[in-house]
There are 2 protein chains.
Amino acid sequence: MEERRGLGVRMGDIAKAAGVSRQAIYLHFDTRTALMSATAIYVDEVKGLDVRLQTVLAAKTAVEALGLYVEVWGNYVPEIYGLAKALLAARDTDEAAAVAWDERMACLRDGCRAIISGLAEEGKLAPEWDPADATEMLWTMLSFQTWEQLTEGCEWSVDKYVRWMTTLVMRSFVEDPAR
Amino acid sequence: MEERRGLGVRMGDIAKAAGVSRQAIYLHFDTRTALMSATAIYVDEVKGLDVRLQTVLAAKTAVEALGLYVEVWGNYVPEIYGLAKALLAARDTDEAAAVAWDERMACLRDGCRAIISGLAEEGKLAPEWDPADATEMLWTMLSFQTWEQLTEGCEWSVDKYVRWMTTLVMRSFVEDPAR
DNA sequence: CAGTCAATTGACACAGTGTCAAGTGATTCA
DNA sequence: TGAATCACTTGACACTGTGTCAATTGACTG
């Protein structure tokens with residue numbers, strides 16, 4: 001998946017790479033989507049995204065947490081790009097893939113909610129925003145699709161992504177940040 | 001395409017809807033992608049996106065133009081959603097679809113560039129930003145994918161999208177806007 | 001009346017997913 | 001020792017959707 005950037009990976013290719021027959025896969029996973037979904041759960045667990053994001057939320061201030069959050073997420077995406085891309089492609093036409101995708105993205109959303117709440121509590125949330133709407137907007141800013149558009153579409157490096165995305169969210173959500 | 005939100009529309013379905021045989025379509029368009037690409041060009045022309053966006057750029061100030069731009073674009077997307085979705089889905093696996101998509105998005109990018117330039121000239125561009133990078137970031141904020149994530153994923157109305165997207169880009173790119 | 005042209009019909013090749021049935025070889029258990 | 005079990009293999013096949021091909025039709029044109 002990572003080698004092929006998530007596209008054009010057939011069941012036969014996966015079987016070959018795993019050194020088993022194509023049918024052997026179907027003995028363990030009902031469908032291609034079930035395999036991807038299980039793999040996504042496994043990968044997130046192994047890579048420990050939850051832990052990484054949790055760690056960030058423990059920062060002294062919500063503003064600091066926000067900056068670290070963008071950095072951690074921006075650097076995490078390349079590690080899962082191929083699988084994420086494949087799952088996202090399947091999402092449109094496959095209900096199970098949609099569910100798997102939404103579940104994967106839920107922890108990101110939770111982190112966004114925590115940060116926005118933190119900002120609000122510290123009186124740092126820009127006054128225009130309602131916390132619920134700000135959460136959804138921040139979550140959208142940090143979506144895989146936005147990451148992809150900037151890095152693939154605009155050919156930005158991850159560092160550049162982190163730098164400008166941080167600038168964007170700081171200006172958007174933080175009232176009078178330490179500039 | 002609009003009825004089905006761009007998904008699960010087969011050549012046979014299109015033929016039936018057009019009241020011709022499936023093969024008749026292939027007499028006019030080489031591939032499914034060629035048909036979608038031609039349709040996209042036709043639709044943009046008929047709907048006059050270019051004109052709408054141009055009109056907006058004539059606003060008195062760049063800040064005003066930015067607000068109108070978000071409004072025009074946000075309200076335009078629902079008119080082309082299905083076709084855009086279909087073209088986007090084909091983009092991953094079809095080079096011709098990728099080209100068609102990129103061409104469609106170019107005019108949006110041009111508008112973003114004009115607005116950011118305008119802001120810079122008026123001394124209103126937030127000092128953190130470089131104009132080229134700000135253009136790409138604004139273009140990404142206004143991408144179809146972001147629109148979709150907010151309206152489908154977060155179930156925002158178009159009005160809500162316009163409202164909060166305006167808030168976001170004003171805070172992000174405009175230095176000291178008339179708040 | 002012949003030629004042309006757009007379209008129709010129906011068959012087919014191809015790719016990829018998922019199913020099915022029969023067979024194999026190693027391990028386990030009585 | 002021999003039967004049962006288990007994970008896996010092999011090869012065939014159904015199904016869907018795209019794109020191709022050949023033969024045919026029917027209307028308009030000169």
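Chain naming here is simple, since letters A, B, ... match the order of the sequence lines and numbering starts at 1 in each.
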Inset, instruction - Would you grab the first and last nucleotide of DNA chain C (5' to 3') that comes under 4.0 Å of any non-hydrogen atom in chain B? - result: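 Footprint of chain B along DNA chain C, 5' to 3': C:dA7 to C:dA11.
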Figure out the [atom1]/[atom2] separation between [X] and [N], and round it to whole Å.
X: B:Arg22; N: D:dT18; atom1: CZ; atom2: P; value: 7 Å
X: B:Arg32; N: D:dG19; atom1: CZ; atom2: P; value: 8 Å
X: B:Asp30; N: D:dG19; atom1: CG; atom2: P; value: 9 Å
X: B:Leu27; N: D:dG19; atom1: CG; atom2: C1'; value: 12 Å

Between N or O atoms, less than 3.5 Å apart, protein on one side and nucleotides 4-6 of chain D on the other: list the pairs.
none

What pairs of donor and acceptor atoms, side-chain ones from residues 5-14 of chain A against any protein atom, are under 3.5 angstrom apart with sequence neighbours left out?
from    : atom 1 : to       : atom 2 : distance (Å)
A:Arg5  : NH1    : A:Glu152 : OE2    : 2.7
A:Arg10 : NE     : A:Asp13  : OD2    : 2.9
A:Arg10 : NH2    : A:Asp13  : OD1    : 3.1
A:Arg10 : NH2    : A:Asp13  : OD2    : 3.3
A:Asp13 : OD2    : A:Arg10  : N      : 2.9

Legend entry - Residue pair A:Asp94, A:Arg32: steps toward the salt bridge (charged side-chain N to carboxylate O under 4.0 Å, His left out) verdict: CA-CA 10 Å; A:Asp94 185 328; A:Arg32 200 182 115 96; over 6 Å; no
Inset, instruction - Using side-chain hydrogen bond (donor to acceptor under 3.5 Å, both in side chains) as the criterion, list what pairs up with B:Thr39, not counting sequence neighbours. - result: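 Not a single residue meets the side-chain hydrogen bond (donor to acceptor under 3.5 Å, both in side chains) criterion with B:Thr39.
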Name each donor-acceptor pair under 3.5 Å that joins a side chain in residues 75-84 of chain A to protein atoms two or more places apart or in another chain, with its distance.
from    : atom 1 : to       : atom 2 : distance (Å)
A:Asn75 : ND2    : A:Glu71  : O      : 2.7
A:Tyr76 : OH     : A:Asp44  : OD1    : 2.7
A:Glu79 : OE1    : A:Lys47  : NZ     : 3.3
A:Glu79 : OE1    : A:Arg52  : NH2    : 3.2
A:Glu79 : OE2    : A:Arg52  : NH1    : 3.3
A:Tyr81 : OH     : A:Glu148 : OE2    : 2.7

Inset, instruction - Between A:Asp94 and B:Val20, name the one whose nearest nucleotide on DNA chain C is closer to the 5' end. - result: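 In this pair, the answer is B:Val20.
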Legend entry - Salt-bridge contact B:Glu175-A:Arg171 (side-chain N to carboxylate O under 4.0 Å):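 Judged by the 4.0 Å cut-off on N to carboxylate O distance, B:Glu175 and A:Arg171 do form a salt bridge.
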Inset, instruction - Kindly state whether the ring of A:Trp164 and the ring of B:Trp129 have centres lying under 6.0 angstrom apart. - result: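 Yes, they do, as the ring centres are separated by less than 6.0 Å.
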Legend entry - Modelled atom types, side-chain donor and acceptor of B:Thr140 and B:Ser143, under 3.5 Å: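 Note: B:Thr140 and B:Ser143 side chains miss the donor-acceptor criterion.
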Can you list, pair by pair, the side-chain donor-acceptor contacts under 3.5 Å of residues 110-119 of chain B, counting residues two or more places apart and other chains?
from     : atom 1 : to       : atom 2 : distance (Å)
B:Asp110 : OD1    : B:Arg113 : NH1    : 3.0
B:Ser117 : OG     : B:Arg113 : O      : 3.0

